[in-house]
Amino acid sequence: MESIEISAKSEEEAVDIALAELGLSRSEVEVVVVKRGRGGLFGLGSEEVRVRVTPLGLLSNEGVDVGGMAKEVLENLLSLLGIPASVNLGARESGEQAAIPFDIVGEDLGILIGRRGETLSSLQYLVNLIVSRHFKARAGVVVDVEGYRQRRYESLQFLARRLADQVRSTGRSVTLEPMPAGERRVIHLELRDSPYVTTQSIGQGDSRKIAILSKGNSEA
Amino acid sequence: MKELIEYIAKSIVDKPDEVTVVEVPAEDGVILKLQVAPDDTGKVIGKEGRIAKAMRTLLRVAAIRKGTRATLEIISDSPESSDSSEDSS
């Protein structure tokens, strides 16, 4: 499905028309006001509002929309936490298993990240839990706060390459600090194609961490 | 804070109508007592207590926003449903 643009006297009216045309509900679409209208006197000289309505269409599962519900759940949780912030849907990569990325934006959101991103992880975990219970399928929702996760992942990739070089030159393995699954994954992926080192997750639960091992000279 | 726990619990159990959260004043804040249908206890605790832990993490944030403290207690009627059931998929 593609996005459509509708003009009407009010934003609500335009959205209603668009929804009827798309056959979707409000929670299943993203609405952008393309042009603000102007309310003239008794309809004289007034300008219509123009909105662009885009179906979220994420992991569309027989008409039900995972992305739309995830956004709603996130917004509910934020409001119950007493944190004024807005939720933006990020660009999604193609593919059925692709993550549905959300970025939360607002002021002073450090409290939402927590120590080592623990609060953010809990938030993401619960959103996925709620959405997957509802749809009886994996949700794949990734929640970020002001691009925090993105920056963290980039610094982990940098760290991984630096440590790989170190392992290569010293021949000695290194073990990193314990990390959540998503962060370990970033490091595994970053070094996957390295001809010199290999990575391994060791330990259980919260203390699970990555070891970077030298492949040695024996391999051809 | 009560509403937060209620919302999460109702969203993940099989019997949302049987979810109750009672707020009890404590020395330095409140204690939230969460009770669900016996079969749903595992659903609000999770494997290795993961769900309960995530709820407590968010509850801490909600409490900080209100300048107070809150503790979450999960009331279990049946002694055999411990912290380990459910959520293996």
Undergrad: Between Y7(B) and V73(A), does a side-chain contact (heavy atoms from CB on, under 4.5 Å) hold up when you go through it step by step?
TA: CA-CA 10 Å; Y7(B) 172 74; V73(A) 170; 3.7 Å; yes
Undergrad: Check this for me: R69(B), atom CZ, are more than 12 non-hydrogen atoms of other residues, nucleotides or ligands nearer than 6.0 Å?
TA: no
Undergrad: Contact part of V131(A) toward chain B, heavy-atom cut-off under 4.5 Å: side chain, backbone, both or neither?
TA: neither
Undergrad: Is chain B contacted by the side chain of L123(A), its backbone, both, or neither, given a heavy-atom distance below 4.5 Å?
TA: both
Undergrad: Quick one: NE2 on H134(A) to CD1 on I12(B), what's the gap to the nearest 0.5 Å?
TA: 14.0 Å
Undergrad: Going from CD1 on I51(B) to OG on S122(A), what distance comes out if it is rounded to the nearest 0.5 angstrom?
TA: 11.5 Å
Undergrad: Counting only heavy atoms not in R168(A), do more than 12 fall under 6.0 Å of its CZ?
TA: no
Undergrad: Decide side-chain contact (heavy atoms from CB on, under 4.5 Å) for I8(B) and L80(A); before the verdict, give the C-alpha distance in whole Å, the side-chain angles of both, and the deciding distance to 0.1 Å.
TA: CA-CA 10 Å; I8(B) 298 171; L80(A) 289 165; over 6 Å; no
Undergrad: To the nearest 0.5 Å, tell me how far L58(B) CG sits from L112(A) CG.
TA: 8.0 Å
Undergrad: Work out which heavy atom in S11(B) is nearest to a heavy atom in R133(A); give both atom names and the distance.
TA: O-CB, 4.3 Å
Undergrad: Tell me, yes or no, whether the heavy-atom count around R50(B) atom CZ, taken from other residues, nucleotides or ligands under 6.0 Å, exceeds 12.
TA: no
Undergrad: To the nearest 0.5 Å, what is the distance between NZ (K10(B)) and CD1 (I130(A))?
TA: 13.0 Å
Undergrad: Select, from R56(B), K53(B), R60(B), the one with the greatest count of heavy-atom pairs under 4.5 Å involving chain A.
TA: K53(B)
Undergrad: Rounded to the nearest 0.5 Å, what separation is found between the CE atom of M1(B) and the CG atom of L81(A)?
TA: 11.5 Å
Undergrad: Does D28(B) have more than 12 heavy atoms from other residues, nucleotides or ligands lying within 6.0 Å of its CG?
TA: yes
